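Here the structure is a predicted model, which means the values were calculated and not measured. Residue numbers run from 1 in the order of the sequence given.
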Amino acid sequence: MSAQSTIRHAYDSVFDGHANLGMGERILSTGLGLAVAAGGLRKGASVPGAIMGLVGAALVARGMSGHCPLKDRLSGHDGDALGHDGSSRMSHGIDRSRMAETY
């Protein structure tokens, strides 16, 4: 497997999916990602610089793809981390929309 196909596979496994970001979120994520990556480059060949570069690259990829897997998980569309199916009822029989109105 070539490096390009490995990178493409990793990208698709994280960012492949329906677009769940609005245009404003995409622009903000891309711009912030470019700024963070540029800050990482200014730090040079150091661990903090590399971390900033990777975080910036992830934000740019998020903005360009329009899909955020973390937002997808937190919104409950694919079920939660405990394996629930994301139905409108919680395990104790409380309606989620009614709970949202309370808080």
Side-chain angles (χ1 to χ4, degrees):
M1 187 180 267
S2 70
Q4 183 177 5
S5 64
T6 303
I7 291 169
R8 183 64 190 182
H9 175 70
Y11 177 86
D12 287 343
S13 67
V14 174
F15 293 106
D16 194 26
H18 66 284
N20 60 355
L21 298 177
M23 186 56 69
E25 288 175 299
R26 292 180 74 173
I27 292 170
L28 184 65
S29 181
T30 304
L32 185 63
L34 290 172
V36 171
L41 287 173
R42 290 185 58 152
K43 289 192 177 283
S46 64
V47 173
I51 292 171
M52 287 178 70
L54 290 172
V55 169
L59 285 171
V60 169
R62 175 185 184 262
M64 297 301 288
S65 71
H67 178 74
C68 178
L70 183 60
K71 184 175 181 177
D72 208 26
R73 293 289 289 188
L74 291 176
S75 67
H77 290 171
D78 292 336
D80 61 14
L82 298 176
H84 297 111
D85 63 354
S87 64
S88 63
R89 290 259 189 227
M90 294 178 70
S91 62
H92 299 292
I94 301 171
D95 189 83
R96 286 184 190 216
S97 61
R98 185 171 172 198
M99 183 180 247
E101 292 171 4
T102 305
Y103 297 100

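Under a hydrophobic clustering in which Ile, Leu, Val, Met, Phe, Trp and Tyr are joined whenever their side-chain heavy atoms come within less than 4.5 Å, directly or via other members, Ile51 and Leu32 fall into the same cluster. Both Val36 and Val47 are members of a single hydrophobic cluster when ILVMFWY side chains are connected at heavy-atom separations under 4.5 Å.
Contact detail for Gly39 and Met52: the closest heavy-atom pair is C-CE, 3.7 Å. Contact record, Ser29 with Gly63: OG-N, 3.6 Å, taken as the closest heavy-atom pair. Closest non-hydrogen pair, Leu34 versus Val60, comes out as N-CG2, 3.6 Å.
Arg62 places no side-chain N or O within donor-acceptor distance of the main-chain N or O of Arg26, the cut-off being under 3.5 Å.
Partner Glu25 forms a side-chain contact (heavy atoms from CB on, under 4.5 Å) with one of Ile27, Leu28, Leu21 and no other, that one being Leu21.
The number of heavy-atom neighbours closer than 6.0 Å to NZ of Lys43, taken from other residues, nucleotides and ligands shown, is 12 or below.
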